[in-house]
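Here is the structure we will look at, set down as structure tokens.
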Amino acid sequence: QVQLVESGGGLVQAGGSLRLSCAASGRTFNPYFMGWFRQAIGKEREFVAAITWSAWSGGSTSYADSLRGRFTISRDNAKTTVFLQMNSLKPEDTAVYYCAGKNNLGGTVREYRSYDYWGQGTQVTVSS
């Protein structure tokens with residue numbers, strides 16, 4: 001049983017911050033990467049950030065070019081939770097945010113089709 005449970009979404013004013021959490025569970029859950037994606041209404045699912053996850057990885061991160069500097073992906077010391085710190089939020093950040101696990105070596109961390117496990121999504125709404 002592999003589960004990714006997201007929390008932390010909500011309504012925030014422009015310029016504010018939110019911290020999303022994704023709690024991972026499952027005896028065999030140990031993907032190579034964890035990532036965050038977002039999908040606005042009528043839009044394609046978009047890469048946000050990714051972080052190396054497996055025990056022999058060093059926690060390297062990747063970001064969408066447009067989000068670098070505002071968003072930060074991280075993990076807890078026990079490696080049970082992945083976070084997305086979102087600062088200086090803008091109305092265009094409004095979307096459903098998903099966490100995902102990539103447990104294969106195909107594709108890239110920036111392509112949503114490369115991921116094997118997905119959370120249920122959490123709504124982030126930024127008011128103008």
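On a predicted model such as this, the values are computed, not experimentally measured, just so you know.
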Taking Glu44 for the side chain and Gln39 for the main chain, is one N or O donor matched with an acceptor at less than 3.5 Å?
no
When rounded to the nearest 0.5 Å, the distance separating OG of Ser7 from CZ of Arg19 is 10.0 Å
Between OG on residue Ser74 and CD1 on residue Ile51, distance to nearest 0.5 Å
6.5 Å
Between Tyr63 (side chain only) and Ile73 (backbone N and O only), is there a donor and an acceptor less than 3.5 Å apart?
yes
With sequence neighbours left out, write down each residue that passes side-chain contact (heavy atoms from CB on, under 4.5 Å) with Ser127, or none if nothing qualifies.
Leu11, Gln13
Give the C-alpha distance, both sets of side-chain angles, the deciding distance and a yes or no for side-chain contact (heavy atoms from CB on, under 4.5 Å) between Met86 and Leu67.
CA-CA 9 Å; Met86 305 184 294; Leu67 302 178; over 6 Å; no
Give the intermediate values and the outcome of side-chain contact (heavy atoms from CB on, under 4.5 Å) for residues Val96 and Thr122.
CA-CA 5 Å; Val96 177; Thr122 184; over 6 Å; no
Tell me, please, which residues at least two apart from Ser17 pass side-chain contact (heavy atoms from CB on, under 4.5 Å).
Gln85, Asn87
Quick check: do Leu89 and Phe71 have side-chain heavy atoms less than 4.5 Å from each other?
yes
Carefully, step by step, assess Asp65 and Phe47 under the rule side-chain contact (heavy atoms from CB on, under 4.5 Å).
CA-CA 10 Å; Asp65 292 341; Phe47 172 74; over 6 Å; no
Considering all heavy atoms of both residues, which atom of Ala24 and which atom of Leu4 are nearest to each other, and what is their separation?
CB-CD2, 3.7 Å
Side-chain contact test, heavy atoms from C-beta onward, threshold under 4.5 Å: evaluate it for Glu6 versus Tyr98 and give yes or no.
yes
For side-chain contact (heavy atoms from CB on, under 4.5 Å), just list the numbers for Gln123 and Thr125, CA-CA rounded to whole Å, side-chain angles, deciding distance to a tenth of an Å, and then say yes or no.
CA-CA 6 Å; Gln123 176 70 48; Thr125 303; 3.3 Å; yes
Quick check against the 3.5 Å criterion: does Asp76 have a side-chain atom that pairs as donor or acceptor with the backbone of Val82?
no
Closest heavy-atom pair and its distance - Gly10, Leu18:
O-CD1, 4.0 Å
Heavy atoms only: give me the nearest Tyr115-Gly35 pair and the separation to one decimal.
CE2-N, 3.8 Å
Quick one: are Cys22 and Trp36 in side-chain contact, heavy atoms under 4.5 Å?
yes
Does Arg45 form a side chain to side chain donor-acceptor pair (under 3.5 Å) with Tyr112? I'd like the steps, not just the answer.
CA-CA 7 Å; Arg45 189 161 297 189; Tyr112 75 88; over 6 Å; no
Specify the closest pair of heavy atoms between Gly9 and Leu20, including all atoms of both residues, with the distance to one decimal.
N-CD2, 3.6 Å
Worked check of side chain to side chain donor-acceptor pair (under 3.5 Å) between Thr94 and Glu92:
CA-CA 5 Å; Thr94 296; Glu92 51 262 44; over 6 Å; no
Count I, L, V, M, F, W, Y as connected when their side-chain heavy atoms are under 4.5 Å apart, and connections chain through other members. Are Val124 and Val5 then in the same cluster?
no
Non-hydrogen atoms of Gly101 and Met34 that approach each other most closely
CA-SD, 3.6 Å
Could you pull out the closest heavy-atom pair between Ser114 and Gly107, with the gap in Å?
OG-CA, 3.4 Å
Can you run down the salt bridge (Lys or Arg N to Asp or Glu O under 4.0 Å) pairs that involve residues 102-112, sequence neighbours left out, and say none if there aren't any?
Glu111-Arg113
Would you check if Lys90 and Val126 make a side-chain contact, meaning some heavy-atom pair closer than 4.5 Å?
no
Keeping the roles fixed (side chain from Ser21, backbone from Phe83), state whether a donor-acceptor pair exists under 3.5 Å.
no
From Tyr32, Trp53, Phe33, Phe29, residue fulfilling ring-ring contact (aromatic ring centres under 6.0 Å, His included) relative to Tyr117:
Phe29
Side-chain (Arg70) to main-chain (Ser88) donor-acceptor, under 3.5 angstrom
yes
